[in-house]
Amino acid sequence: MPSLPPSSAEKASPALAAHIMDSSSIASTKHLSFVPALSRSAAHPTQPPQLPASTNLLSSSLRFLPASLGRVFAVSALLVVALSTVSQYRDLQAAGSIMAASSPFPVLPPLEVRRLVEDEGYIYLDVRTAEEFAQVHVAGSDLIPYLITAPDGSQQPNPGYLAQVKAKYALDTPLVVACRSGRRSNLAALEMMAQGFTNLVDLAGGIIAWEASGLPVVRQASKADGAARSPVTNASRMAG
C-alpha cells in the first residue's frame with residue numbers, strides 16, 4: 001500500500017510535543033521549586049538567627065515581668081483599700097450631714113453643745129453602755145444606757161430605757177443626748193421625742209467629736225462621777 005504523505009497535524013506533533021514538555025518542565029519548576037528547600041531545611045535544620053542586643057535585653061526583662069506585675073497588683077490592691085476607706089469616711093460624713101438636715105431636733109457640734117450645757121442649763125445625757133461610760137465620759141453627765149451589754153458580750157436594746165428617762169426627767173427638760181459617735185443618740189432622741197420630750201439636742205459625732213474638739217473628759221471613773229445625778233447638779237458640775 002502506498003504511504004500517504006504526513007498531515008499537517010502529524011507534522012506539527014513533534015514540535016507541539018516538545019513545546020508541551022518544555023511548558024510542563026517550566027510549570028513543575030515554578031510550583032515545585034520550594035520542595036528542595038524544604039527538604040534541605042528538614043534534613044539540615046539551621047540555627048535560629050541571632051537577635052540584636054536590645055532585643056535580648058527586652059527578652060531578659062520580660063522574664064521578670066510576672067514578679068513585677070505581682071508587686072504592681074499588690075500595691076494597686078492597697079490603693080483600692082485606701083480609696084475605699086476614704087470613700088466610706090466621706091459616706092459617713094455625708095450621712096451625718098443628711099441626718100442633721102433631716103432631724104426633727106437640732107444636731108449640734110461639741111462647742112455649741114458645751115455652750116448650751118454651761119450657759120443654758122442643758123443636761124448631758126450619755127446613752128452609751130456602763131462599760132463605755134466607765135472608760136471615758138464627760139464630767140457631770142448622766143448615764144442611761146440605750147443599749148446594754150448582754151452576758152455574751154453583745155449589745156442589746158435596753159428594754160427599760162424610756163421608762164428610766166421618763167422617771168428621771170420632765171418632758172420639757174433641756175437635754176443633750178450623746179453617745180460614742182452620734183448614731184445611738186439620734187435613735188434614742190427620736191424615741192424620746194415620740195414619748196413627748198420637747199427640748200432635745202443631739203451631739204453630732206458623739207464623745208469622739210467632743211474629744212477631737214479638745215474638750216475635757218474623765219478617763220477614770222470614780223464613785224462620784226459614775227453615779228447618776230439630778231439635772232440641776234449635772235448642769236452646775238459640767239467641766240469647764
Side-chain angles (χ1 to χ4, degrees), residues 92 95-97 99-149 155 157-240:
L92 287 176
S97 300
M99 183 182 295
S102 61
S103 176
F105 41 78
V107 181
L108 301 180
L111 294 177
E112 181 64 18
V113 165
R114 183 187 186 185
R115 187 191 67 79
L116 291 178
V117 171
E118 291 183 340
D119 300 338
E120 299 188 26
Y122 274 75
I123 300 166
Y124 189 108
L125 173 60
D126 196 326
V127 299
R128 295 175 301 150
T129 65
E131 294 79 8
E132 291 175 295
F133 187 89
Q135 292 174 0
V136 59
H137 62 270
V138 174
S141 58
D142 275 349
L143 172 66
I144 301 180
Y146 182 70
L147 300 178
I148 57 177
T149 304
Q155 292 186 355
N158 178 9
Y161 174 75
L162 289 175
Q164 294 172 31
V165 170
K166 292 176 72 174
K168 189 171 184 63
Y169 308 114
L171 294 179
D172 60 350
T173 302
L175 294 169
V176 172
V177 187
C179 64
R180 178 179 177 274
S181 62
R183 294 187 176 185
R184 277 175 288 177
S185 60
N186 194 269
L187 295 173
L190 286 172
E191 291 192 19
M192 292 170 67
M193 176 171 278
Q195 291 294 315
F197 284 88
T198 59
N199 202 356
L200 301 175
V201 169
D202 184 16
L203 172 59
I207 197 169
I208 294 178
W210 179 279
E211 286 195 82
S213 299
L215 298 177
V217 294
V218 177
R219 289 211 168 272
Q220 292 183 353
S222 65
K223 186 176 181 180
D225 287 330
R229 306 178 187 88
S230 66
V232 176
T233 304
N234 276 333
S236 62
R237 295 186 58 183
M238 176 62 66

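Sequential numbering from 1 along the given sequence is applied to the chain's residues. Since the structure is predicted, the reported quantities are computational estimates derived from the model, not experimental observations.
For the salt bridge (charged side-chain N to carboxylate O under 4.0 Å, His left out) test, no residue two or more places apart in sequence or in another chain qualifies with R180. Remark: T198 engages D172 in a side chain to side chain contact (heavy atoms under 4.5 Å, CB included) (not counting sequence neighbours). By the ring-ring contact (aromatic ring centres under 6.0 Å, His included) test, F197 pairs with no residue at all, sequence neighbours left out. Legend: residues meeting side chain to side chain donor-acceptor pair (under 3.5 Å) with T149, ordered by chain and number and at least two apart, are E131. Annotation: side chain to side chain donor-acceptor pair (under 3.5 Å) contacts of E211 (sequence neighbours excluded): R219.
Taking both residues in full, the closest heavy atoms of C179 and D126 are given as CA-OD1, 4.4 Å, listed atom of the first, atom of the second, then distance. Annotation for A130 and P145: closest pair N-CG, 4.3 Å, computed over non-hydrogen atoms. Nearest heavy-atom pair, I207 versus R128, reported as atom, atom and distance to 0.1 Å: CD1-NH2, 3.9 Å. Here the shortest heavy-atom pairing between D202 and S185 reads OD1-OG, 2.6 Å. Taking each heavy atom of L171 and Q195 in turn, the nearest pair found is CD2-O, 3.9 Å. Across every non-hydrogen atom of A204 and P110, the tightest pair is O-CD, 4.1 Å.
For the atom pair CG of L143 and OH of Y124, the computed distance is 11.0 Å after rounding to the nearest 0.5 Å. How far OH of Y146 is from CG of L187: 5.0 Å, rounded to the nearest 0.5 Å. Distance check, rounded to the nearest 0.5 Å: CG of L175 to CG of L116 gives 11.5 Å. Atom OG1 of T173 is separated from atom CG of N199 by 8.0 Å, given to the nearest 0.5 angstrom.
Checking side-chain atoms of W210 against main-chain N and O of P216 turns up a donor-acceptor pair under 3.5 Å. For E132 (side chain) and T129 (main-chain N/O), a donor-acceptor pair under 3.5 Å exists by modelled atom type.
The side-chain heavy atoms of P104 and M193, taken from C-beta on, include a pair separated by under 4.5 Å. For the pair M192 and L125, the minimum side-chain heavy-atom distance is below 4.5 Å. For the pair Y122 and V113, the minimum side-chain heavy-atom distance is 4.5 Å or more. Taking the side chain as every heavy atom from C-beta outward, F105 and V177 never approach each other to under 4.5 Å. In this structure the side chain of V201 never reaches within 4.5 angstrom of the side chain of P174, judged on heavy atoms. With contacts defined as side-chain heavy-atom distances shorter than 4.5 Å, the pair L111/L215 qualifies.
Listed by first and then second residue, the salt bridge (Lys or Arg N to Asp or Glu O under 4.0 Å) pairs involving residues 187-201 amount to none (not counting sequence neighbours).
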